[in-house]
Amino acid sequence: MVLPRRSCFQRKMTILLETTGLTKDFGKFRALDNVSFSIEKGVLTSLIGPNGAGKTTFYNCITGKFPPTSGKIFFKEENITGLPAHTIQQKGLSRSFQIVSIFPELSVLDNIKAALIAKAKKNWRMLSFLSRDRVIHEEAMNMVELIGMIDRANWLCHTLSHGDRRRVDIGIALAARPDLILLDEPTAGMNPKETEEVIQLINYLRGKTETTFFITEHDMEVVFSISERIIVLHQGKVLADGTPSEIQENPSVQEVYLGGVL
Amino acid sequence: MKKAIHSPACGEVKDSLYSWGFVIAVTTVAIPLIFSQFPPYYIKLASSIMIMILYGVSFNLLYGYTGYLSFGQAAYFGSGVYVSALILRSTSSLPLALLGGSIAPALLAIVFGYFCVKRSKLYFAMLTLAFAQLIYTLIFKWRSLTGGDDGIVVPRIPYLHNPLTFYFFILALVLVSVFIHWVIVHSPFGHMLKSICQNQERTEFIGVPVEKQVLVAFIIAGFFGGLAGAIYAPFIGVISPKLVHWTMSLTPVIMVVFGGAKHFWGPAIGAIVYIVLKDIITLYTDNWLLVFGLMLLIIVLISPRGVMGVLENIGTYIKKNITKANLMKERIN
């Protein structure tokens with residue numbers, strides 16, 4: 001049997017993230033039902049599904065916002081189930097949020113610096129000036145340049161447009177140079193031009209960093225244009241898993257999710 | 001082009017080391033020079049302002065920078081007062097009193113803070129208040145140790161008998177302590193506090209243990225609040241449970257709201273205004289809080305960022321007009 005999707009990541013089969021039987025209940029409602037799959041290093045994977053399919057719940061479970069009801073999560077072959085969010089982050093798993101989550105009253109540069117301080121575990125240093133820390137400053141400037149905000153490095157974030165805030169958001173998540181980054185609907189609430197810019201940014205950042213991207217998205221055009229692998233979630237269960245063309249041809253996906261779109 | 005305005009909201013600090021030169025010059029040269037002409041009463045007034053500045057600044061590390069409103073700082077100020085007084089009575093050693101009077105409140109802050117920082121903001125405020133009332137009741141009821149309602153007479157310190165000498169001693173202590181705060185808020189640690197204030201969830205998700213970080217800020221605030229109390233005991237001479245009462249927790253809140261929580265010097269301005277106004281208004285009426293309350297109301301309505309906010313607005317207004325005037329001149333030329 002030929003499995004075409006395997007071909008793109010056959011060269012390195014390093015598994016970054018793996019979940020086994022992940023289940024999450026909110027009262028009587030089962031948001032995630034026995035979700036098992038793995039993310040390979042270097043493969044841009046997208047998680048799609050209709051509203052309420054459990055995408056954000058899945059992200060929240062993995063990143064430690066709340067623990068799963070049952071099941072296990074492995075990151076770099078280490079069991080991270082139930083660990084607090086900041087510990088998981090320190091292990092190299094970053095995320096951004098569906099609603100842009102940044103530090104609005106700090107400048108773009110200071111937003112990135114916050115992430116770098118945390119990464120370097122300098123968050124307990126209280127008797128030295130941050131402005132004198134050359135290492136942090138240079139790293140932050142590099143990151144600001146990567147996200148294309150170098151001309152606005154000193155702008156306060158609440159003065160930026162929505163698209164630029166999203167850049168900062170991704171910058172914060174990426175500043176720590178994580179192994180895996182989870183972007184929760186990075187193009188939510190954006191106009192077509194901004195959406196296009198974010199797609200370009202993600203493609204650009206993939207080339208410039210070692211980080212593997214894992215994205216949830218509602219915009220099908222975005223998903224099919226950038227993904228190398230797509231996982232479809234429906235009512236908390238994995239409905240399909242494969243390359244974009246496989247997903248497009250999958251009859252059950254067409255039936256329950258894509259409907260008339262394709 | 002849109003220009004980046006350095007907004008002072010959420011602990012964004014816009015002052016520089018130069019402001020320190022100004023502060024040191026005024027407090028060490030100008031004030032005693034003026035006051036040496038006046039009765040010692042005014043020197044004592046200046047001393048109590050200094051102590052309140054330290055109390056306010058330490059409180060603001062928690063409130064202005066981290067966004068956690070503590071309603072129970074009197075527990076740390078008050079325990080500093082009492083520990084310092086008791087040490088002075090038994091050993092009459094001031095360094096020991098200051099050390100004990102700041103370490104004991106810090107230890108208290110570790111225990112209380114451990115429970116308080118687990119709660120969200122309103123419950124945090126209520127919990128700190130509850131713990132402070134606990135300390136108040138303890139001091140009030142423990143007659144054999146604290147003298148209860150009667151209070152304690154604190155022995156005088158021989159080498160600080162002269163009010164001006166005492167003023168300089170307090171000044172040095174407060175300047176060093178406030179400078180430490182200044183370094184802290186500009187350090188990576190301080191940057192994390194500002195991040196927590198603005199977006200707690202995000203701070204957790206960049207890999208910072210938020211609760212621990214806030215707890216450490218809480219302990220620092222407790223330590224320096226205690227230090228302010230520890231020096232207050234020998235300064236005031238007679239202490240009573242009034243200094244641990246919840247109204248004493250309210251004092252830094254009022255000072256900070258008045259001066260502006262989002263500016264490093266906000267609580268200092270607030271302390272000066274608070275003490276001076278209290279002194280002036282009580283000359284005319286016993287209901288000084290009524291008058292002060294009205295003034296606070298006006299300030300908050302004009303500028304939610306306090307006096308510093310008003311000053312900043314005036315500053316930007318003048319700058320705007322200067323650039324406008326310059327532009328006009330260029331056009332005419």
Side-chain angles (χ1 to χ4, degrees), chain A residues 63-65 84-97 99-133 136 151-160 169 172-173 175-176 178 182, chain B residues 1-17 61 64-65 67 118 179-217 219-221 223-224 261-263 305:
Chain A
T63 55
K65 192 167 179 188
H86 61 87
T87 315
I88 292 175
Q89 166 74 36
Q90 284 286 358
K91 291 185 188 297
L93 200 164
S94 276
R95 75 171 288 183
S96 78
F97 292 81
I99 297 161
V100 170
S101 183
I102 54 175
F103 308 113
E105 300 289 341
L106 295 180
S107 68
V108 174
L109 188 66
D110 282 347
N111 265 267
I112 306 294
K113 276 187 180 178
L116 289 170
I117 291 167
K119 172 68 181 174
K121 293 189 175 166
K122 288 179 178 170
N123 53 318
W124 298 114
R125 286 196 189 174
M126 50 178 88
L127 294 178
S128 64
F129 290 106
L130 175 62
S131 52
R132 302 251 169 93
D133 196 325
I136 294 263
D151 54 333
R152 282 156 293 179
N154 288 319
W155 285 32
L156 292 184
C157 283
H158 70 85
T159 63
L160 298 172
D169 195 13
I172 293 172
L182 277 63
Chain B
M1 202 182 89
K2 240 197 281 179
K3 214 184 135 196
I5 310 154
H6 236 13
S7 155
C10 242
E12 187 51 34
V13 182
K14 57 183 294 183
D15 54 329
S16 65
L17 265 170
L61 181 74
Y65 286 88
K118 288 189 185 303
F179 185 73
I180 292 172
H181 280 89
W182 197 80
V183 175
I184 288 174
V185 303
H186 288 88
S187 69
F189 176 82
H191 199 78
M192 287 296 109
L193 297 187
K194 290 175 211 165
S195 308
I196 290 168
C197 178
Q198 289 180 28
N199 193 339
Q200 186 157 343
E201 188 184 47
R202 194 35 152 167
T203 314
E204 183 84 28
F205 278 96
I206 57 174
V208 177
V210 170
E211 271 180 22
K212 260 191 220 166
Q213 199 91 21
V214 177
L215 179 60
V216 172
I219 295 164
I220 295 170
F223 180 89
F224 284 104
K262 302 311 180 192
H263 198 286
R305 288 181 289 131

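Note: hydrogens, waters and symmetry copies are ignored here, and every other heavy atom, side chains too, is used. Naming: A, B, ... by sequence-line order, numbering from 1 per chain.
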Enquirer: State, with a plain yes or no, whether a side-chain heavy atom of P104(A) is found less than 4.5 Å away from one of Q198(B).
Expert: yes
Enquirer: Of the listed residues (K119(A), R125(A), K91(A)), which shares the most heavy-atom pairs with chain B below a 4.5 Å separation?
Expert: R125(A)
Enquirer: Roughly how far apart are F189(B) CZ and I117(A) CD1, rounded to 0.5 Å?
Expert: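 F189(B) CZ to I117(A) CD1: 11.5 Å, rounded to 0.5 Å.
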Enquirer: Less than 4.0 Å between a side-chain N and a carboxylate O, is that true for E201(B) and K65(A)?
Expert: yes
Enquirer: What distance do I206(B) atom CD1 and L116(A) atom CG have between them, rounded to the nearest 0.5 Å?
Expert: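 If I round to the nearest 0.5 Å, the distance is 9.0 Å.
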Enquirer: Please rank R95(A), Q90(A), K122(A) by heavy-atom pairs under 4.5 Å with chain B and give me the top one.
Expert: R95(A)
Enquirer: Any idea which of A173(A), A85(A), A118(A), S101(A) has the most non-hydrogen atom pairs under 4.5 angstrom with chain B?
Expert: S101(A)
Enquirer: Counting C-beta onward and ignoring hydrogens, is there a side-chain heavy-atom pair between H191(B) and L106(A) closer than 4.5 Å?
Expert: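 The answer is yes, as the side chains (C-beta and beyond) meet within the 4.5 Å cut-off.
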Enquirer: Check whether any side-chain heavy atom of M126(A) sits under 4.5 Å from a side-chain heavy atom of V216(B), and report yes or no.
Expert: yes
Enquirer: Answer yes or no: is there a side-chain heavy-atom contact under 4.5 Å between H186(B) and F129(A)?
Expert: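 Yes. Closest side-chain heavy atoms under 4.5 Å.
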Enquirer: Distance check, rounded to the nearest 0.5 Å: H86(A) atom NE2 versus Q213(B) atom CD?
Expert: 10.5 Å
Enquirer: Is the shortest side-chain heavy-atom distance between N199(B) and I102(A) below 4.5 Å?
Expert: no
Enquirer: Does any backbone or side-chain atom of A176(A) lie under 4.5 Å from a heavy atom of chain B? Answer side chain, backbone, both or neither.
Expert: neither
Enquirer: In terms of heavy-atom contacts, does CZ of R152(A) have more than 12 from other residues, nucleotides or ligands at under 6.0 Å?
Expert: yes
Enquirer: Counting only non-hydrogen atoms closer than 4.5 Å, does I220(B) touch chain A with its backbone (N, CA, C, O), its side chain (CB onward), both, or neither?
Expert: side chain
Enquirer: Which bit of D169(A) is near chain B, if near means a heavy-atom gap under 4.5 Å: side chain, backbone, both or neither?
Expert: both
Enquirer: Indicate yes or no: at least one non-hydrogen side-chain atom of R202(B) is less than 4.5 angstrom from one of S96(A).
Expert: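 R202(B) reaches S96(A) side chain to side chain.
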Enquirer: Side-chain contact test, heavy atoms from C-beta onward, threshold under 4.5 Å: evaluate it for T203(B) versus F103(A) and give yes or no.
Expert: yes
Enquirer: Starting from the C-alpha separation in whole Å, work towards a yes-or-no answer on salt bridge (charged side-chain N to carboxylate O under 4.0 Å, His left out) for K194(B) and E105(A).
Expert: CA-CA 9 Å; K194(B) 290 175 211 165; E105(A) 300 289 341; over 6 Å; no
Enquirer: For N123(A), run the side chain to side chain contact (heavy atoms under 4.5 Å, CB included) check against S195(B), P209(B), P188(B) and tell me which one passes.
Expert: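 So the option named by the test is P209(B).
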